[in-house]
Protein chains: 2
Amino acid sequence: MIQLNNKIYTCPVDVTLGFIGGKWKLLILSHLNIFEKKSYAEIRNNLPGISEKMLSQQLKELERDSLIDKNILSLKPYRVEYFLSGDGKSLSPLYEFISSWGIKHLKKHGIDYLQDQHLYK
Amino acid sequence: MIQLNNKIYTCPVDVTLGFIGGKWKLLILSHLNIFEKKSYAEIRNNLPGISEKMLSQQLKELERDSLIDKNILSLKPYRVEYFLSGDGKSLSPLYEFISSWGIKHLKKHGIDYLQDQHLYK
DNA sequence: TCAATAACTTACTAAAAAGTAGGGCTGATT
DNA sequence: AATCAGCCCTACTTTTTAGTAAGTTATTGA
């Protein structure tokens, strides 16, 4: 058992999962990995089905865990842009692997995502 | 929206997460990635905290999704060994990345897992 | 013969994660 | 003046996931 920041992990895999686990984290992260900088609304519009609550909650946790960071573009009105931090970028191979594995899997089932992604909007 | 096997995915990342999401799947998979072949009891003893219910449930789902496979060593008494299938092995870079990222993260926080793992049992 | 181990299953409960539906502030658009 | 968009927050409910505590069949070992 590994203890870190008052949490207990069984192994290094468990440690990493603590950061990227859950339904939305990897979707948000890999989205930011592709698009570099994105506003709150842009992220929301690219993650079909996410609620405002989930989005702001997950963004907050990702910031707390320093996988993402944000620039405050203006205060009144409040406008921001989110982006991957250094730590967040250090997971890039992961986002890319997971995405391309998904694409390969789809291809095995007759779906050519890269060619037809305009159809899946 | 991508439709596959009566489920809907928003993108390829989502597809992959359908296979490896949840608290235990990656732990089981990366365990089998390290140890090649393992009995039910050996897996259980190496995943502290997992219940019999969770273990057999997750093993069943991983088999259904053909990420793992098993040899039936004997029927009476029933003895088996689990191992990664070809598909399961195709995710090896993922297991290894997640594990080494965890190790690096721990090191940043003063924990040398590789050297001290005997302490974390 | 009694206990222990392996490989599970099942019914039930609890906890965690996610979703719903609203509200709030600001400024631009109509 | 009223509506809308951006960027959230909060209380509450539902769903999903996970945990508990048993029980089953079979065999080996003391």
Side-chain angles (χ1 to χ4, degrees), chain A residues 1 6-11 13-14 17-29 31-32 35 37-65 68-83, chain B residues 1 6-11 13-14 17-29 31-32 35 37-65 68-83:
Chain A
M1 296 295 178
N6 287 325
K7 285 180 200 158
I8 285 173
Y9 303 97
T10 61
C11 67
V13 171
D14 201 19
L17 292 180
F19 289 91
I20 59 172
K23 183 170 174 181
W24 296 109
K25 294 248 170 89
L26 276 169
L27 292 171
I28 294 171
L29 290 168
H31 183 71
L32 289 174
F35 292 108
K37 287 182 181 168
K38 281 291 169 185
S39 69
Y40 179 91
E42 286 171 315
I43 299 173
R44 188 192 53 209
N45 296 337
N46 276 284
L47 296 179
I50 198 167
S51 66
E52 304 267 329
K53 181 202 151 194
M54 274 297 118
L55 179 55
S56 66
Q57 186 179 301
Q58 303 299 304
L59 288 170
K60 199 149 296 206
E61 292 181 18
L62 290 169
E63 265 193 275
R64 178 204 61 197
D65 295 339
I68 66 174
D69 211 339
K70 69 165 175 249
N71 290 327
I72 295 170
L73 302 176
S74 89
L75 276 171
K76 35 186 169 127
Y78 188 66
R79 290 299 126 86
V80 290
E81 56 182 13
Y82 289 95
F83 54 91
Chain B
M1 297 294 179
N6 287 324
K7 285 179 198 157
I8 285 173
Y9 303 97
T10 62
C11 67
V13 171
D14 202 19
L17 292 180
F19 289 91
I20 59 171
K23 182 170 174 181
W24 296 107
K25 294 248 170 88
L26 276 169
L27 291 170
I28 294 171
L29 290 168
H31 183 71
L32 288 175
F35 291 109
K37 287 181 181 168
K38 281 291 170 183
S39 69
Y40 180 91
E42 284 172 317
I43 299 172
R44 187 193 54 211
N45 296 337
N46 275 286
L47 296 180
I50 198 167
S51 66
E52 304 267 332
K53 180 202 151 194
M54 275 296 118
L55 180 56
S56 67
Q57 185 179 303
Q58 302 299 304
L59 287 171
K60 201 151 297 212
E61 292 180 18
L62 290 169
E63 264 192 276
R64 178 204 61 197
D65 295 339
I68 66 173
D69 211 338
K70 70 166 172 246
N71 290 327
I72 295 171
L73 301 176
S74 87
L75 276 171
K76 31 183 176 122
Y78 188 66
R79 289 300 125 85
V80 290
E81 58 183 12
Y82 288 95
F83 53 92

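Just so it is clear: chains get the letters A, B, ... in the order the sequence lines come, proteins before strands, and each one is counted from 1. For the numbers below, each heavy atom of this structure counts, side chains included, while hydrogens, waters and symmetry mates do not.
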Checking contacts here: which listed nucleotide ([options]) is nearest the side-chain heavy atoms of [X]?
X	options	answer
B:Q58	C:dG19, C:dC8, D:dA18	D:dA18
A:K23	D:dC8, C:dC8, C:dG19	C:dG19
A:P77	D:dC8, D:dA18, C:dG27	C:dG27
A:K76	D:dA26, D:dG19, C:dT26	C:dT26
B:K60	D:dT27, C:dA6, C:dC8	C:dC8

Would you mind reading off the distance between A:L26 atom CG and C:dA18 atom P, rounded to a whole angstrom?
12 Å

A:L73 CG - C:dT26 P separation (whole Å)
19 Å

Short side-chain N/O contact to [N] OP1/OP2 from [X], under 4.0 Å:
X	N	value
B:Y78	D:dT25	no
A:R44	D:dG6	yes
B:S39	C:dA6	no
B:S51	D:dA18	no

So CG of B:D65 and CD1 of B:I20: to nearest 0.5 Å the spacing works out to 11.5 Å

Please round to the nearest 0.5 Å and tell me the distance separating atom CZ of A:F83 and atom CG of A:L32.
10.0 Å

Earlier contact from the 5' end, DNA chain D, for B:G49 and A:E81
A:E81

Under 4.5 Å between any side-chain heavy atoms of B:K38 and B:Y82, yes or no?
no

Residue met sooner reading DNA chain C from 5', once B:A41 and A:Q57 are mapped to nucleotides:
B:A41

Polar side-chain contact A:K53-C:dA21 base: donor and acceptor under 3.5 Å
no

Pair B:Y40, B:E52: side-chain N/O donor-acceptor within cut-off below 3.5 Å
yes

